[in-house]
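As a basis for the values below, the full set of heavy atoms in this structure was taken, side chains included, without hydrogen atoms, waters or symmetry mates. What you see is a predicted model, and the numbers here were worked out from it, not measured in a lab. Counting convention: from 1, in listed order, for ligands and their atoms alike.
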Amino acid sequence: MTSTADSTRVLDVVDSHTGGEPTRVVIAGGPPLRPGPLPDQVTQFRTEFDHFRSAVVNEPRGSDVMVGALLVPPVSPQAVTGVIFFNNVGYLGMCGHGTIGLMVTLAHLGRIGPGDHLLDTPVGPVTATLHPDGGVSLTNVPSYRKAAQVSIEVPGLGPIRGDVSWGGNWFFLVESHPWSLDLSQVERLTEITWKIRQAVNEQGFPEVDHVELFSPGRAGGHSRNFVLCPGKAYDRSPCGTGTSAKLACLAASGKLAENEPWIQESILGSSFEGHFRWLDREQGIIAPVIRGTAFVTAECRLRLDPRDPFRWGVRS
Ligand code: PYC
(Lines give C-alpha, C1' and ligand atoms only; values in the text may rest on other atoms or scores of the structure.)
Protein backbone atom coordinates (compact mmCIF):
# COMPACT_ATOMS: atom_id res chain seq x y z
CA MET A 1 0.00 0.00 0.00
CA THR A 2 1.06 3.61 -0.50
CA SER A 3 2.12 5.48 2.68
CA THR A 4 2.55 9.19 3.42
CA ALA A 5 5.44 10.65 5.49
CA ASP A 6 3.39 10.25 8.71
CA SER A 7 2.83 6.55 7.82
CA THR A 8 -0.81 7.11 6.96
CA ARG A 9 -1.71 4.61 4.25
CA VAL A 10 -3.59 5.97 1.28
CA LEU A 11 -5.73 4.27 -1.33
CA ASP A 12 -7.06 5.88 -4.48
CA VAL A 13 -10.59 4.91 -5.40
CA VAL A 14 -13.22 5.83 -7.96
CA ASP A 15 -16.87 5.53 -6.94
CA SER A 16 -19.77 4.99 -9.31
CA HIS A 17 -23.34 3.79 -9.14
CA THR A 18 -25.17 1.43 -11.44
CA GLY A 19 -28.95 1.81 -11.21
CA GLY A 20 -28.49 3.22 -7.70
CA GLU A 21 -26.08 0.49 -6.44
CA PRO A 22 -22.58 1.78 -5.61
CA THR A 23 -19.23 0.36 -6.69
CA ARG A 24 -15.87 1.54 -5.32
CA VAL A 25 -12.94 0.59 -7.57
CA VAL A 26 -9.54 0.56 -5.86
CA ILE A 27 -7.09 1.88 -8.44
CA ALA A 28 -3.99 2.33 -6.26
CA GLY A 29 -2.76 1.33 -2.83
CA GLY A 30 -4.35 -2.15 -2.80
CA PRO A 31 -2.97 -5.05 -0.75
CA PRO A 32 0.14 -6.81 -2.15
CA LEU A 33 -1.51 -10.04 -3.30
CA ARG A 34 0.88 -12.58 -4.80
CA PRO A 35 0.09 -13.27 -8.47
CA GLY A 36 -1.72 -16.48 -9.35
CA PRO A 37 -5.16 -17.81 -10.24
CA LEU A 38 -7.90 -15.46 -9.05
CA PRO A 39 -9.54 -17.96 -6.64
CA ASP A 40 -6.12 -18.25 -4.89
CA GLN A 41 -5.85 -14.46 -4.75
CA VAL A 42 -9.30 -14.31 -3.13
CA THR A 43 -8.09 -16.80 -0.50
CA GLN A 44 -5.05 -14.61 0.18
CA PHE A 45 -7.21 -11.49 0.33
CA ARG A 46 -9.57 -13.19 2.80
CA THR A 47 -6.92 -14.76 5.02
CA GLU A 48 -4.18 -12.09 5.00
CA PHE A 49 -5.80 -8.78 4.05
CA ASP A 50 -9.44 -8.93 5.08
CA HIS A 51 -8.93 -5.74 7.15
CA PHE A 52 -8.27 -3.99 3.84
CA ARG A 53 -11.69 -5.12 2.50
CA SER A 54 -13.34 -3.73 5.60
CA ALA A 55 -11.42 -0.42 5.41
CA VAL A 56 -12.67 0.19 1.86
CA VAL A 57 -16.35 -0.73 2.10
CA ASN A 58 -17.40 -0.60 5.75
CA GLU A 59 -18.23 2.44 7.84
CA PRO A 60 -16.92 5.06 8.41
CA ARG A 61 -15.75 5.32 4.75
CA GLY A 62 -18.37 3.06 3.20
CA SER A 63 -21.68 1.49 4.14
CA ASP A 64 -23.39 -1.91 4.07
CA VAL A 65 -24.51 -1.38 0.48
CA MET A 66 -21.06 -0.53 -0.95
CA VAL A 67 -19.41 -3.11 -3.25
CA GLY A 68 -15.64 -2.88 -3.66
CA ALA A 69 -13.64 -3.91 -6.72
CA LEU A 70 -9.93 -4.59 -6.42
CA LEU A 71 -8.01 -4.52 -9.70
CA VAL A 72 -5.43 -7.31 -9.96
CA PRO A 73 -3.19 -8.39 -12.83
CA PRO A 74 -5.16 -10.53 -15.30
CA VAL A 75 -4.42 -14.22 -15.81
CA SER A 76 -5.75 -14.37 -19.39
CA PRO A 77 -3.23 -12.80 -21.78
CA GLN A 78 -5.97 -10.84 -23.58
CA ALA A 79 -7.74 -9.53 -20.46
CA VAL A 80 -7.67 -5.81 -19.65
CA THR A 81 -7.64 -6.56 -15.90
CA GLY A 82 -8.52 -9.07 -13.23
CA VAL A 83 -11.04 -7.99 -10.61
CA ILE A 84 -12.08 -9.23 -7.18
CA PHE A 85 -15.44 -7.93 -5.94
CA PHE A 86 -16.14 -7.69 -2.21
CA ASN A 87 -18.80 -6.36 0.15
CA ASN A 88 -19.46 -5.60 3.82
CA VAL A 89 -19.10 -9.25 4.86
CA GLY A 90 -16.88 -10.97 2.32
CA TYR A 91 -16.17 -11.73 -1.34
CA LEU A 92 -18.42 -12.13 -4.38
CA GLY A 93 -17.85 -14.57 -7.24
CA MET A 94 -18.95 -12.04 -9.84
CA CYS A 95 -20.85 -8.80 -9.71
CA GLY A 96 -22.89 -7.52 -12.64
CA HIS A 97 -23.62 -3.99 -11.46
CA GLY A 98 -19.98 -3.81 -10.31
CA THR A 99 -18.72 -4.86 -13.76
CA ILE A 100 -20.77 -2.09 -15.37
CA GLY A 101 -19.40 0.38 -12.78
CA LEU A 102 -15.85 -0.90 -13.38
CA MET A 103 -16.11 -0.46 -17.16
CA VAL A 104 -17.41 3.10 -16.82
CA THR A 105 -14.62 3.81 -14.31
CA LEU A 106 -11.92 2.43 -16.64
CA ALA A 107 -13.35 4.57 -19.47
CA HIS A 108 -13.38 7.62 -17.17
CA LEU A 109 -9.70 6.99 -16.39
CA GLY A 110 -8.91 6.71 -20.12
CA ARG A 111 -7.82 3.06 -19.73
CA ILE A 112 -10.37 1.66 -22.19
CA GLY A 113 -12.38 2.92 -25.14
CA PRO A 114 -15.56 1.66 -26.79
CA GLY A 115 -15.44 -2.01 -27.79
CA ASP A 116 -15.15 -5.44 -26.22
CA HIS A 117 -12.91 -6.04 -23.20
CA LEU A 118 -12.12 -9.26 -21.40
CA LEU A 119 -12.12 -9.22 -17.59
CA ASP A 120 -10.91 -12.05 -15.35
CA THR A 121 -13.04 -12.76 -12.28
CA PRO A 122 -12.63 -15.48 -9.63
CA VAL A 123 -15.47 -17.47 -11.24
CA GLY A 124 -14.27 -17.12 -14.83
CA PRO A 125 -13.73 -14.67 -17.67
CA VAL A 126 -16.42 -12.14 -18.54
CA THR A 127 -16.57 -10.12 -21.75
CA ALA A 128 -17.82 -6.57 -21.30
CA THR A 129 -18.61 -4.14 -24.10
CA LEU A 130 -18.39 -0.38 -23.69
CA HIS A 131 -20.90 1.07 -26.16
CA PRO A 132 -20.35 4.45 -27.86
CA ASP A 133 -23.30 5.92 -25.85
CA GLY A 134 -21.52 4.99 -22.59
CA GLY A 135 -23.76 1.98 -21.87
CA VAL A 136 -22.16 -1.34 -20.95
CA SER A 137 -23.19 -4.88 -21.74
CA LEU A 138 -21.56 -7.96 -20.31
CA THR A 139 -21.62 -11.60 -21.21
CA ASN A 140 -21.61 -13.22 -17.81
CA VAL A 141 -20.16 -16.56 -16.75
CA PRO A 142 -22.15 -19.67 -17.80
CA SER A 143 -25.33 -19.77 -15.72
CA TYR A 144 -27.84 -22.52 -14.93
CA ARG A 145 -30.75 -23.54 -12.73
CA LYS A 146 -29.71 -26.18 -10.21
CA ALA A 147 -33.12 -26.99 -8.69
CA ALA A 148 -36.67 -26.02 -9.65
CA GLN A 149 -39.54 -25.15 -7.32
CA VAL A 150 -37.99 -26.42 -4.12
CA SER A 151 -40.33 -26.11 -1.15
CA ILE A 152 -38.68 -24.66 1.96
CA GLU A 153 -40.37 -24.44 5.35
CA VAL A 154 -39.59 -20.95 6.64
CA PRO A 155 -40.28 -20.41 10.37
CA GLY A 156 -43.01 -17.79 10.79
CA LEU A 157 -43.77 -17.70 7.05
CA GLY A 158 -44.70 -21.29 6.17
CA PRO A 159 -43.69 -23.11 2.96
CA ILE A 160 -41.99 -20.97 0.29
CA ARG A 161 -41.24 -22.35 -3.19
CA GLY A 162 -38.30 -21.18 -5.22
CA ASP A 163 -35.61 -22.07 -7.75
CA VAL A 164 -31.91 -22.41 -6.90
CA SER A 165 -29.80 -20.90 -9.66
CA TRP A 166 -26.20 -19.87 -10.40
CA GLY A 167 -25.49 -16.57 -12.18
CA GLY A 168 -21.96 -15.91 -10.88
CA ASN A 169 -23.31 -16.06 -7.30
CA TRP A 170 -25.94 -18.44 -5.87
CA PHE A 171 -29.57 -17.32 -5.71
CA PHE A 172 -32.89 -18.58 -4.35
CA LEU A 173 -35.56 -17.07 -6.61
CA VAL A 174 -39.13 -16.74 -5.38
CA GLU A 175 -41.87 -15.89 -7.88
CA SER A 176 -45.00 -16.62 -5.90
CA HIS A 177 -45.40 -14.70 -2.61
CA PRO A 178 -47.81 -12.22 -1.05
CA TRP A 179 -45.42 -9.28 -0.50
CA SER A 180 -45.44 -5.93 -2.27
CA LEU A 181 -42.07 -5.02 -3.81
CA ASP A 182 -42.26 -1.41 -2.79
CA LEU A 183 -39.44 0.82 -1.60
CA SER A 184 -41.47 1.65 1.53
CA GLN A 185 -41.35 -2.09 2.45
CA VAL A 186 -37.58 -2.69 2.37
CA GLU A 187 -37.22 -3.34 6.11
CA ARG A 188 -39.94 -6.00 6.05
CA LEU A 189 -38.64 -7.47 2.78
CA THR A 190 -35.16 -7.65 4.30
CA GLU A 191 -36.46 -9.52 7.35
CA ILE A 192 -38.45 -11.92 5.16
CA THR A 193 -35.64 -12.69 2.72
CA TRP A 194 -33.13 -13.10 5.55
CA LYS A 195 -35.41 -15.75 7.14
CA ILE A 196 -35.80 -17.43 3.74
CA ARG A 197 -32.04 -17.48 3.22
CA GLN A 198 -31.42 -19.10 6.63
CA ALA A 199 -34.07 -21.76 5.94
CA VAL A 200 -32.74 -22.43 2.41
CA ASN A 201 -29.20 -22.83 3.79
CA GLU A 202 -30.37 -25.20 6.54
CA GLN A 203 -32.67 -27.23 4.27
CA GLY A 204 -30.22 -28.42 1.62
CA PHE A 205 -28.64 -25.45 -0.15
CA PRO A 206 -25.81 -24.07 2.04
CA GLU A 207 -24.27 -22.37 -1.01
CA VAL A 208 -27.15 -19.91 -1.54
CA ASP A 209 -26.07 -16.43 -0.48
CA HIS A 210 -28.60 -14.17 -2.28
CA VAL A 211 -32.41 -14.29 -2.17
CA GLU A 212 -34.50 -12.74 -4.91
CA LEU A 213 -38.24 -11.97 -4.84
CA PHE A 214 -40.12 -11.08 -8.04
CA SER A 215 -43.33 -9.28 -8.96
CA PRO A 216 -44.72 -7.85 -12.21
CA GLY A 217 -42.81 -4.85 -13.56
CA ARG A 218 -44.11 -1.36 -12.84
CA ALA A 219 -41.78 0.88 -14.85
CA GLY A 220 -42.04 -0.84 -18.24
CA GLY A 221 -40.04 -3.95 -17.29
CA HIS A 222 -41.09 -7.59 -17.56
CA SER A 223 -40.45 -8.03 -13.87
CA ARG A 224 -39.41 -6.16 -10.69
CA ASN A 225 -37.12 -7.70 -8.09
CA PHE A 226 -35.95 -7.30 -4.52
CA VAL A 227 -32.52 -8.85 -3.98
CA LEU A 228 -31.06 -9.53 -0.55
CA CYS A 229 -27.25 -9.59 -0.61
CA PRO A 230 -25.07 -11.73 1.70
CA GLY A 231 -24.39 -8.88 4.18
CA LYS A 232 -28.15 -8.14 4.62
CA ALA A 233 -28.11 -5.06 2.36
CA TYR A 234 -30.54 -5.05 -0.57
CA ASP A 235 -29.35 -4.45 -4.10
CA ARG A 236 -30.47 -1.04 -5.37
CA SER A 237 -29.82 -2.21 -8.94
CA PRO A 238 -31.66 -5.15 -10.59
CA CYS A 239 -28.55 -7.25 -9.78
CA GLY A 240 -26.55 -8.47 -12.77
CA THR A 241 -25.80 -11.90 -11.37
CA GLY A 242 -29.38 -12.15 -10.06
CA THR A 243 -30.74 -11.28 -13.50
CA SER A 244 -28.40 -13.91 -14.98
CA ALA A 245 -29.78 -16.49 -12.52
CA LYS A 246 -33.31 -15.41 -13.48
CA LEU A 247 -32.53 -15.78 -17.21
CA ALA A 248 -31.24 -19.31 -16.51
CA CYS A 249 -34.57 -20.18 -14.84
CA LEU A 250 -36.62 -18.61 -17.64
CA ALA A 251 -34.55 -20.51 -20.22
CA ALA A 252 -34.85 -23.82 -18.35
CA SER A 253 -38.63 -23.51 -18.03
CA GLY A 254 -39.07 -22.44 -21.68
CA LYS A 255 -40.59 -19.09 -20.65
CA LEU A 256 -38.04 -17.01 -22.58
CA ALA A 257 -36.51 -17.85 -25.96
CA GLU A 258 -32.86 -17.45 -26.93
CA ASN A 259 -32.11 -13.77 -27.72
CA GLU A 260 -35.56 -12.61 -26.58
CA PRO A 261 -35.22 -9.41 -24.52
CA TRP A 262 -35.99 -9.38 -20.79
CA ILE A 263 -36.16 -6.10 -18.86
CA GLN A 264 -35.51 -6.56 -15.17
CA GLU A 265 -36.44 -3.69 -12.84
CA SER A 266 -35.01 -3.16 -9.40
CA ILE A 267 -36.97 -2.16 -6.31
CA LEU A 268 -35.87 1.42 -7.16
CA GLY A 269 -37.28 1.15 -10.69
CA SER A 270 -33.83 1.17 -12.36
CA SER A 271 -33.47 -1.49 -15.04
CA PHE A 272 -31.14 -3.90 -16.86
CA GLU A 273 -31.86 -5.32 -20.30
CA GLY A 274 -31.03 -9.00 -20.58
CA HIS A 275 -31.13 -11.85 -23.02
CA PHE A 276 -29.38 -15.20 -23.27
CA ARG A 277 -27.68 -17.58 -25.69
CA TRP A 278 -27.70 -21.32 -25.18
CA LEU A 279 -24.29 -22.80 -24.38
CA ASP A 280 -25.66 -26.30 -23.74
CA ARG A 281 -29.40 -26.70 -24.16
CA GLU A 282 -29.37 -30.32 -22.89
CA GLN A 283 -27.71 -29.28 -19.65
CA GLY A 284 -29.66 -26.00 -19.39
CA ILE A 285 -26.50 -23.86 -19.43
CA ILE A 286 -26.77 -20.33 -20.85
CA ALA A 287 -24.57 -17.31 -21.53
CA PRO A 288 -26.52 -14.37 -20.05
CA VAL A 289 -26.02 -10.91 -21.53
CA ILE A 290 -26.85 -7.94 -19.29
CA ARG A 291 -26.87 -4.30 -20.32
CA GLY A 292 -26.98 -1.23 -18.07
CA THR A 293 -25.46 2.16 -17.35
CA ALA A 294 -23.31 3.57 -14.57
CA PHE A 295 -22.15 7.03 -13.53
CA VAL A 296 -18.93 8.03 -11.82
CA THR A 297 -19.82 9.79 -8.55
CA ALA A 298 -16.45 10.48 -6.90
CA GLU A 299 -12.69 10.22 -7.26
CA CYS A 300 -11.05 10.21 -3.88
CA ARG A 301 -8.19 9.20 -1.66
CA LEU A 302 -8.94 7.10 1.41
CA ARG A 303 -6.62 7.77 4.36
CA LEU A 304 -5.84 5.08 6.96
CA ASP A 305 -4.34 7.03 9.84
CA PRO A 306 -2.49 4.73 12.29
CA ARG A 307 -3.94 6.75 15.22
CA ASP A 308 -7.50 6.04 14.06
CA PRO A 309 -8.98 3.06 15.95
CA PHE A 310 -11.48 2.58 13.08
CA ARG A 311 -8.98 2.84 10.25
CA TRP A 312 -9.80 -0.73 9.18
CA GLY A 313 -13.52 -0.03 9.22
CA VAL A 314 -16.27 -1.05 11.62
CA ARG A 315 -16.67 -4.81 11.42
CA SER A 316 -19.78 -6.52 12.75
O1 PYC B 1 -25.09 -6.88 -9.75
O2 PYC B 1 -24.41 -8.96 -9.58
C3 PYC B 1 -24.72 -7.88 -9.09
C4 PYC B 1 -24.65 -7.74 -7.62
C5 PYC B 1 -24.34 -8.72 -6.72
C6 PYC B 1 -24.39 -8.12 -5.46
C7 PYC B 1 -24.72 -6.79 -5.63
N8 PYC B 1 -24.86 -6.59 -6.96
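For F226 and Y234, the ring centers sit closer than 6.0 Å to each other.
The pair R291-D133 meets the salt-bridge criterion, since a charged nitrogen lies less than 4.0 angstrom from a carboxylate oxygen. With respect to the salt-bridge test (charged N to carboxylate O, under 4.0 angstrom), the residues R161 and E175 do not qualify. Salt bridge status for D305 with R311: absent, with no side-chain N to carboxylate O gap under 4.0 Å. Remark: E265 engages R224 in a salt bridge, criterion side-chain N to carboxylate O under 4.0 Å.
In terms of N/O distances under 3.5 Å, ligand 1 is not approached by G98. Annotation: N169 places no N or O atom under 3.5 Å from an N or O atom of ligand 1; distance criterion only. For ligand 1, none of its N or O atoms has an N or O atom of F272 under 3.5 Å away.
Protein heavy atom at the shortest distance from atom 6 (C) of ligand 1 is H210 NE2, 3.8 Å. Looking from atom 7 (C) of ligand 1 to the surrounding protein, the closest heavy atom is D235 OD2, 3.2 Å.
What you find for L256 and P261 is that their closest heavy atoms are CD1-O, 4.0 Å.
Under 4.0 angstrom from ligand 1, the non-hydrogen atoms of T241 come from both its backbone and its side chain.
Those atoms of ligand 1 with a heavy atom of G240 less than 4.0 angstrom away are 1 (O), 2 (O), 3 (C).
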